[in-house]
Amino acid sequence: MLSQLDLDFKRVILTGALFTASIFNSLTLSAQTENFPSVTDEMLQNPSDDDWLMWRRTLDSWGYSPLEQISKTNVEDLRLVWTRDLATGTGEVTPLAYNGMLFVPQANDVIEALDAETGDFIWQYRRDIPEDLYDLVGGNARNNRNLAIYEDKIINTSDDNYIFALNALTGEEVWETQILDYQVNSATHSSGPIIADGLAISGRSCRPWGGPNACIIAAHNASTGEEVWRRRLIPAPGEPGDETWGDVPFESRHHVGSWMVPSYDPELGLIIMGTSVTSPAPKFYLGGTDNKHLYHNSTLALEIETGEIRWYYQHMNDHWDLDHPFERLLVETEVTPDPDEVTWINPNLNPGETRKVITGIPGKTGIVYTLDRATGEFLWATPTIEQNVVIDIDGSTGAVTENPEIIFRESEQMVFVCPTWLGGKDWEAGAYSPLTNTMYYPLRNTCANMLATGNFESDTARALTEGGQGGLAIYQLAARHQLTPGTENLGTVRAVSAETGRTEWLYETRAGTMSLVATGGGLIFGGDANGRFRAFDHETGEVLWEINLGSSVSGYPISFAVDGKQYIAVNTGGGQPNLTPELRPSRGTNLYVFALPD
């Protein structure tokens, strides 16, 4: 038994140790905060190799880090450096890395700043959540995919429909601006903004009961929070595109959202952004299947100064919730689509011509589209997964023809659709490497028997959705999802040449695949829903390193460096569709940081 003298001595030692640790942490924080260079537009447009300053690191949405310390020859030595638990419910998030700090968005409007080398806590911001909030804006608003950084501020959009800025050093609020009244024009902020020429550009999903005025893209002064412009995505009477809604009253035009993160071309002064489906999705509910219902499922090029639409391209008239809001890759490349592998090609294209293009997989159909960045001219497109939705694209005009056999014509009609609203592609981000001029995408093999219905209590709807398979009341759709016939693998990673459209390699796995990052070391890092996190050879697809993190690798992986040492970071959390029931990962929510041993 310890004597009182022993206990007093131990208490003194413990107190001294805590005091020393406190001083050490304070000194570490002081060193970081006393030297916090202001983040400028020039830095955002040409970031240091060491930093990760936005969702996909650069405004062209490549998801590429030039760091090369971790390479194909040494990645097998990669080790865990530190890990930290995140807020319950956190899944699809992207840390920002700057000045030796990580800024980590988390579920329910929580943000933390951590020491990037050690994982030590610096500060936390936790926003007050109104009791009725998620009933009105939807549970997806709990997600928080990304933050923005500008000057000395961390900028985000909130679940209660504000945009706000925090002091990056302390987490204290600097300004906030209401975008929408969530009780009137309800919208869902599951993604944060980017900063383009001093403006915080943000999109959102809009709830049907929020009306068309909730369906906006907004620009705010990143220094002050003052609103500069907003662009509604549903035209009103008298505006261009109004006629595409037929006789549907303006107040009944719902849910054309922009819920992922835009790209930006500073030279053209264009925000490039994608949009989502209408509500309901089957167009016979919305005045007729022949109406285009602009600007749903489109790529929009918006003037940075005003938000005016310079051009748009509609990828499809969507009856099945096959959104097209995902990342647009801005690439300068020779354009030489291979007719043996590319399904639709503009006949007026000059093969081999170098063009500034928008490319990638913008929607759930899994189709790669390549468009001219300045004009929106269609150049080429090709499927990457089994799909029966788009049957033709006119090469000269880019006009898309949907499969008439699966277009809903009446309520309670059932069709077999590939892919489902699970994708194909979904929110999981691909990556592009300039070293190979190749884009890399995580994709899913899914199909479904899909029902157009407003009655989810019918025997047919209940049978389809039994076991949690899913019904989407706001879209008036119910479905029974399955793997694509002919495959046992849900997930793939596909490497596609940005120049030719050829598939360079294909990796298949039973579990659904998740977001990717490309690096200067010739590697593609990405995880899956069964907890595996891998490094692929960017030229061959060979798996060079793998670790089991135990839970779905739902975060967007990043790479950064501090004091010359490269790190890879990714988080787990969330889940995946139950199409591979034998795979039973846990639901742990952690941030993991890896590096080579010293």
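Note: hydrogens, waters and symmetry copies are ignored here, and every other heavy atom, side chains too, is used. Positions are given from 1, in the same order as the sequence printed here.
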**Q** Flag the pair L59 / Q45 as yes when at least one side-chain heavy-atom distance between them is below 4.5 Å, and no otherwise.
**A** yes
**Q** So with a 6.0 Å cut-off around CD of E305, is the heavy-atom count from everything else above 12?
**A** no
**Q** Check for me whether the distance between the ring centres of F594 and F525 falls short of 6.0 Å.
**A** no
**Q** Under 6.0 Å from the CG atom of D128, do we count more than 12 heavy atoms belonging to anything else shown?
**A** no
**Q** Taking side chain to side chain contact (heavy atoms under 4.5 Å, CB included) as the test, write out the residues that go with T509, two or more places apart.
**A** Y507, T513, D528, R534
**Q** Going by the angle between their ring planes, with limits at 30° and 60°, are W55 and Y556 parallel, tilted or perpendicular?
**A** perpendicular
**Q** State whether R127 and D160 are salt-bridged, where the test is any N-O pair (Lys NZ or Arg NE/NH1/NH2 against Asp/Glu carboxylate O) under 4.0 Å.
**A** yes
**Q** Can you confirm whether E267 is buried at CD, in the sense that more than 12 heavy atoms of other residues, nucleotides or ligands lie under 6.0 Å from that atom?
**A** no
**Q** Can you tell me if S258 uses its side chain to pair, donor with acceptor, with the backbone of G203 under 3.5 Å?
**A** no
**Q** Counting only heavy atoms not in Q183 (residues, nucleotides, ligands), do more than 12 fall under 6.0 Å from its CD?
**A** yes
**Q** Pick from R231, R232, R230: which one makes a salt bridge (charged side-chain N to carboxylate O under 4.0 Å, His left out) with E308?
**A** R231
**Q** Is the centre of the F36 ring less than 6.0 Å from the centre of the Y98 ring?
**A** yes
**Q** So, R494 side chain and T492 main chain: donor-acceptor pair closer than 3.5 Å or not?
**A** no
**Q** Do we see a donor-acceptor contact under 3.5 Å between the side chains of H255 and S276?
**A** no
**Q** Does any part of the side chain of I179, heavy atoms only, come nearer than 4.5 Å to the side chain of H220, both counted from C-beta?
**A** yes
**Q** Hey, are the side chains of W123 and L169 touching, using non-hydrogen atoms and a 4.5 Å cut-off?
**A** no
**Q** S61 and S263: side-chain donor and acceptor closer than 3.5 Å?
**A** yes
**Q** Assign the ring pair W259 / F326 to parallel, tilted or perpendicular, where the plane angle (0 to 90°) is split at 30° and 60°.
**A** perpendicular
**Q** So, applying ring pair (Phe, Tyr, Trp, His ring centres under 6.0 Å) with Y295, which one of Y312, W245, Y313 is it?
**A** Y312
**Q** Looking at Y441, does the NZ or CZ of K425 lie under 6.0 angstrom from its six-membered ring centre and within 45 degrees of the ring axis?
**A** no
**Q** Report yes if some heavy atom in the side chain of N146 is under 4.5 Å from a heavy atom in the side chain of M54; otherwise report no.
**A** no
**Q** Out of curiosity, L591 CG to L86 CG, how far, rounded to the nearest 0.5 Å?
**A** 5.5 Å
**Q** Roughly how far, to the nearest 0.5 Å, is the OG1 atom of T359 from the CZ atom of R328?
**A** 11.0 Å
**Q** Is it true that, when you exclude D41 itself, more than 12 heavy atoms of the residues, nucleotides or ligands shown sit nearer than 6.0 Å to its CG?
**A** yes
**Q** Could you list all the salt bridge (Lys or Arg N to Asp or Glu O under 4.0 Å) pairs where at least one residue sits in residues 92-101, not counting sequence neighbours?
**A** E92-R145
